[in-house]
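Scroll down for the structure; my scribbles are underneath it.
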Amino acid sequence: MTSKWIRLRDRLAGKTEPEPLWTDGIPDHINVPIRDWLYDVLRRFGMATPVAVRLKLPSKILQSRDPAAEISVLDDRMDPMLRVEVIDATLGCLHQATQGDWKARQTVASHAQELEGILREGDSAFTVSEDSSGLEHRIDEALHATYGKAVEAGASKAQSAADHLRAAFNEAHGLKPDPSAAYSRAIKAVEAVANPLFLPNEMEPTLGKVRSHLDQGRNKYEMVIADRTGAPANIDAVVAMISLLWHGQRDRHEGGPTTAPVTQEAAETAVHTAAVLVHWISTGSIRKK
């Protein structure tokens, strides 16, 4: 269910790409396939009890003749996110229950792909996370591809960089975003690849010290990309991006005149900036002269 199908009226109008609606919650047109998917997964893997406990659902649900059926149709007009949370909790419980079991994890991944197809075809604003452990807000595919390449590049240098970047992305775009945690993880992701490269002998390296090192040693480094003269470009853009990321974390310390909570927009920008930096540093885009 992941085709690029375009409605007849749109094809007649000359449109070559479908126009997604990206609706919040679970729109009515995919309510039935979502219900069927939930029931099958909850029953097949015995997930009704852990999902009910995780979501603190009323005990009468587990006392019913078919708890899986009760949970799969659970809805609340006053809380349109309830259905989304049921799906998210189901994925999370499945992910936790299959830790270390490769065969079971493959089966779960197959069910997660089926769910993703329903959500995508139904123009849901949510998508299944990369590790199938929950839902996250859907973002532009090109942007997601850039993030994916950054994770892969970071893992080639330091697994912790990939882990931090994945966590940062999930904190920023997850079902319940945590901007502060996302920003903190974004900085750690860059530090994981930058500290060993630029500050190999520093006992307590930080991104701030990396920024100072590059700022003071601009003449020692260059980019693999050329400037307008055809020569290797300087690292001004790198220093500017690291400075932006480092100084933008206004909740790092309390009590200062510029201390402020990290906004959702700032967190998303920080994660995307970190992804670019991790990719550049990991792939050698910044090199010594």
Side-chain angles (χ1 to χ4, degrees), residues 1-6 17-42 45 47 51 54-55 72 74-75 79-96 98 105-152 162-179 181-182 185-186 189 264-265 267-272 274-275:
M1 297 184 69
T2 58
S3 64
K4 290 284 186 178
W5 181 79
I6 305 172
E17 290 290 331
E19 294 187 358
L21 303 175
W22 303 144
T23 53
D24 287 324
I26 301 300
D28 181 68
H29 54 271
I30 60 172
N31 185 56
V32 172
I34 287 294
R35 177 202 65 193
D36 293 345
W37 181 89
L38 275 171
Y39 180 68
D40 180 48
V41 170
L42 290 168
F45 295 96
M47 287 291 108
V51 169
R54 178 166 291 192
L55 291 178
S72 66
L74 196 61
D75 201 357
D79 182 9
M81 286 296 291
L82 179 59
R83 292 276 281 165
V84 178
E85 289 187 332
V86 169
I87 298 170
D88 181 70
T90 300
L91 289 170
C93 289
L94 278 172
H95 186 267
Q96 183 176 353
T98 55
R105 181 60 59 83
Q106 291 297 106
T107 303
V108 169
S110 177
H111 284 281
Q113 289 175 2
E114 178 187 356
L115 171 63
E116 170 58 22
I118 297 171
L119 294 173
R120 176 177 291 278
E121 192 76 1
D123 288 340
S124 171
F126 297 96
T127 182
V128 178
S129 64
E130 182 183 8
D131 61 0
S132 302
S133 65
L135 295 179
E136 60 191 26
H137 289 92
R138 192 179 300 278
I139 65 171
D140 180 80
E141 289 188 9
L143 185 60
H144 200 282
T146 299
Y147 152 78
K149 290 180 179 179
V151 169
E152 183 178 346
D163 293 341
H164 284 307
L165 199 55
R166 286 194 188 96
F169 185 89
N170 290 336
E171 294 288 4
H173 299 283
L175 201 59
K176 296 180 180 179
D178 186 336
R185 285 283 203 159
Q264 179 64 24
E265 294 79 9
E268 291 179 7
T269 301
V271 173
H272 302 156

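Numbers here are sequence positions counted from 1.
- Interatomic distance, CD of E114 versus CG of L119, reported as 10.5 Å (0.5 Å rounding).
- Side-chain atoms of E116 and T127 include a donor-acceptor pair closer than 3.5 Å.
- Using a cut-off of 4.0 Å between Lys/Arg side-chain N and Asp/Glu carboxylate O, E171 and R185 are scored as not salt-bridged.
- Taking each heavy atom of A112 and S132 in turn, the nearest pair found is CB-OG, 3.5 Å.
- For the atom pair CD1 of I30 and CZ of R120, the computed distance is 12.5 Å after rounding to the nearest 0.5 Å.
- Atoms CD1 and OG, from I87 and S72 in turn, are 11.0 Å apart once rounded to the nearest 0.5 Å.
- To the nearest 0.5 angstrom, F126 atom CZ is 10.5 Å from E136 atom CD.
- In terms of heavy-atom proximity, I118 sits nearest to W37 at CD1-CB, 4.4 Å.
- Annotation for H95 and D131: closest pair CD2-O, 3.4 Å, computed over non-hydrogen atoms.
- Side chain of H137 to backbone of L175: no donor-acceptor contact under 3.5 angstrom is found.
- Residues R35 and R83 meet the side-chain proximity criterion, which asks for heavy atoms closer than 4.5 Å.
- Between A182 and A267, the shortest heavy-atom contact is CB-CB, 4.1 Å.
- Smallest separation of non-hydrogen atoms from A186 and A168: N-CB, 3.7 Å.
- Among all heavy-atom pairs drawn from A150 and A275, the shortest one is CB-O, 3.1 Å.
- Atoms CG and CE, on L91 and M47 in that order, are 11.5 Å from each other to the nearest 0.5 Å.
- Other residues, nucleotides and ligands place more than 12 heavy atoms under 6.0 Å from the CD atom of Q264.
- At least one donor-acceptor pair under 3.5 Å links the side chain of H29 to the backbone N or O of G122.
- Rounded to the nearest 0.5 angstrom, L135 CG and T90 OG1 are separated by 9.5 Å.
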Would V84 and I26 satisfy side-chain contact (heavy atoms from CB on, under 4.5 Å), going step by step from the backbone distance to the final call?
-> CA-CA 7 Å; V84 178; I26 301 300; 4.1 Å; yes
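- Between H111 and F45, the ring planes are perpendicular. Angles over 60° get that label, and only those under 30° would be called parallel.
- Remark: of the listed residues V51, V86, L38, V86 is the sole one forming a side chain to side chain contact (heavy atoms under 4.5 Å, CB included) with L74.
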